[in-house]
Amino acid sequence: MAGTTPQPTQSTSRTRSWWGWGWTDAHPDDAECTAIGALLPGTLSHPLPVPRVRDLAIAGPAVEPPPSLAHLVAADPADRAAHAMGKAYRDVVRALRGRPGRIPDLVARPTDDQEVADLLDWAGERQVAVVPYGGGSSVSGGVEYRGDAHRAVMSLDLTAMGRVLEVDTQGRAARIQAGTLGPSLEDQLRPHGLTLRHFPQSFEFSTLGGWLATRAGGHYATGRTHIDDFVQSLRVVTPAGTSSSWRLPASGAGPSPDRLFLGSEGALGVITEAWVRLQERPRHKASAAVAFTDFQDALGAVRALAQSDLSPANCRLLDSGEAALSGAAHDGSSVLVLGFESADEPVAARLERAVALARSHGGRYGGTGGADGPQESPDGDAAVSAWRSAFLRMPYLRDGLARMGAVAETFETAATWDRIPGLIEEVRREVGEAAVKATGFPATVNCRLTHVYPDGAAPYFTVLAAGRAGDEVAVWDDLKAVASEVLHRHRATITHHHAVGRDHRPGYDRQRPEPFALALRAVKGALDPRGILNPGVLVD
């Protein structure tokens, strides 16, 4: 039966950073920036100043909306600057150096489908590029405009469309507007005892529509790892009309219309709402950390877990460098963080079996059995807690390192198990060598597995390196090009869950089959004949 939902809670008294990750009050101060910068060779002696919008040269808008749309559109310089880029390392550095790129002329905030359609119609008539925008957490250049082919640019902010419209408790599904931020979405589902159970690292600062448009991956390591797995139907407004697929549990009726728009990154249409599958909220949880002396043994353990029927919610393998960086281990061990949860039954037995399987591959674990899962030893508790804290804090520390002139960024991929060991080894070596060549200083290249499947895994790399003062983006471009070449050589995807955007476009062009590219260009021409939607993303 359909149920009512509480009013959305999208606002907060805290202030979002216009130039960096998250909340302004959570950023490292100058002293902390200096302290973390001292851990890397070749960094600045003092942090770069926090950038200010008033120091940017922001021209007036090149266009004005018609009176009928004026109430939806803002041209405030601070608002426009906050919508100019996402939150990738290159975005942060460009803001720090006062070079944020082309700032949108207008920021529009529609409240329903008709207003989205009206804005697209006007933009098409005036040759205004439209960049759909959710929470702005893109780390692949997905929410900025590059080039000068359009007379003006409008950022289409969907966050005014932030409601859970309908909940079907019998079918465990909900109809949700695309601009709903993660915390608000869960708050509105909580009274029904249900959850979407999709928690990317950007959860606090990203929207359902953004997850759908980028085929986002969530926190959970097995099972339903991507937002795709939760979709029943989509509603998408395009310049050629509105697409609304049927809500179905499954269908074999030709190519799926939803699959056309999942991952389309705003280049084919604006996702405005979706029916998504829900789950009961978990009541039983348990976690443990297993240490390994040999990383190859750890890989074997993870593969065995992925190919078992245990389905851990968390199965995250940290190499020794990543374990040390997060505080999970300081003795050179790799650490496997395991977690299980369930809405209806204790998870102790599953965790115990998983720990036993990991130990059979050389893992070390000192926990004992408990009422609802092994009671981790103090070391195990500390490892899991340290990793979780570091996971949430890392984007802020990245921005602190950027203020110290360092290169601090991540990239991720996925490949089959037979390619994983060689892929990880070559990325570490070749990106490390490229960093020395570019900066003259050694770099740290760590790896963790974030998602695992019976047939492969998703390695996630962290790169910490010196920069070149004023030229940090060029250094990262060099390292990114080297990493992308290794991925291509191993037939590993250019992105597992960070999306293509503009930064991954060269790798995506090499990865996709040419007949598919031909079809995608035809779809773009049919749905967006004037070429206004997120130009440069996915297809020209």
Side-chain angles (χ1 to χ4, degrees), residues 219-223 225 284-342 346-391 415-425 428 446-462:
H219 168 75
Y220 295 100
T222 67
T225 60
H284 304 275
K285 297 182 180 182
S287 61
V290 183
F292 291 83
T293 301
D294 188 281
F295 186 69
Q296 298 305 315
D297 289 345
L299 285 176
V302 172
R303 178 166 58 86
L305 284 164
Q307 293 173 350
S308 73
D309 63 352
L310 294 174
S311 299
N314 196 4
C315 186
R316 199 164 296 230
L317 176 61
L318 318 178
D319 72 4
S320 58
E322 195 75 5
L325 189 65
S326 68
H330 296 286
D331 61 356
S333 296
S334 299
V335 174
L336 173 59
V337 179
L338 288 170
F340 287 85
E341 62 179 46
S342 172
V347 293
R350 287 162 59 198
L351 181 57
E352 289 170 359
R353 287 171 56 200
V355 169
L357 186 55
R359 293 180 68 179
S360 73
H361 284 76
R364 306 188 309 276
Y365 174 73
T368 58
D372 192 16
Q375 296 295 308
E376 295 88 348
S377 66
D379 288 343
D381 279 335
V384 174
S385 177
W387 167 79
R388 186 178 295 113
S389 297
F391 178 77
T416 53
W417 281 116
D418 59 317
R419 296 185 172 96
I420 289 292
L423 170 67
I424 293 174
E425 179 183 354
R428 285 173 176 157
N446 296 331
C447 178
R448 64 182 184 265
L449 301 187
T450 60
H451 301 76
V452 296
Y453 307 92
D455 52 350
Y460 190 111
F461 296 92
T462 300

Set of residues satisfying salt bridge (charged side-chain N to carboxylate O under 4.0 Å, His left out) with respect to Arg428, sequence neighbours excluded: Asp319
Heavy-atom pair with the smallest gap, counting every atom of Ile420 and Ala415: CD1-O, 3.7 Å
Gap between atom CZ of Arg303 and atom CG of Leu317 - 0.5 Å precision: 13.0 Å
With Glu425 via side chain to side chain contact (heavy atoms under 4.5 Å, CB included) - residues at least two apart: Arg429
Which residues share a side chain to side chain contact (heavy atoms under 4.5 Å, CB included) with Ser342, sequence neighbours left out: Asp344, Glu345, Val347, Arg350
Pairwise distance OG1(Thr222) to CG(Leu310) - rounded to 0.5 angstrom: 9.5 Å
Partner set under side chain to side chain contact (heavy atoms under 4.5 Å, CB included) for Thr450, not counting sequence neighbours: Arg316, Arg448, Ala458, Tyr460, His497
Qualifying residues under side-chain hydrogen bond (donor to acceptor under 3.5 Å, both in side chains), relative to Ser334, sequence neighbours excluded: none
Candidate pair Asp309 and Arg353, rule side chain to side chain contact (heavy atoms under 4.5 Å, CB included), full reasoning: CA-CA 10 Å; Asp309 63 352; Arg353 287 171 56 200; 3.1 Å; yes
Where Ser333 and Ala323 come nearest, the two heavy atoms and their spacing: O-CB, 3.7 Å
From CG (Leu423) to SG (Cys447), nearest 0.5 Å: 8.0 Å
Rounded distance [0.5 Å steps], CG in Leu351 versus OH in Tyr365: 6.0 Å
Nearest heavy-atom neighbours spanning Pro421 and Gln296: CB-OE1, 3.8 Å
Rounded distance [0.5 Å steps], CG in Leu357 versus CG in Leu305: 4.5 Å
Worked check of side chain to side chain contact (heavy atoms under 4.5 Å, CB included) between Leu325 and Leu318: CA-CA 10 Å; Leu325 189 65; Leu318 318 178; over 6 Å; no
Under 3.5 Å donor-acceptor, Trp417 side chain and Gly300 backbone: no
Heavy-atom pair of closest approach, residues Asp297 and Asp294: N-OD1, 3.0 Å
Nearest-0.5 Å distance that lies between atom NE2 in His361 and atom CZ in Phe292: 8.0 Å
Closest non-hydrogen atom pair between Ala221 and Cys315, with its separation: CB-N, 3.4 Å
Results of salt bridge (charged side-chain N to carboxylate O under 4.0 Å, His left out) for Arg364 - residues two or more places apart only: Asp331
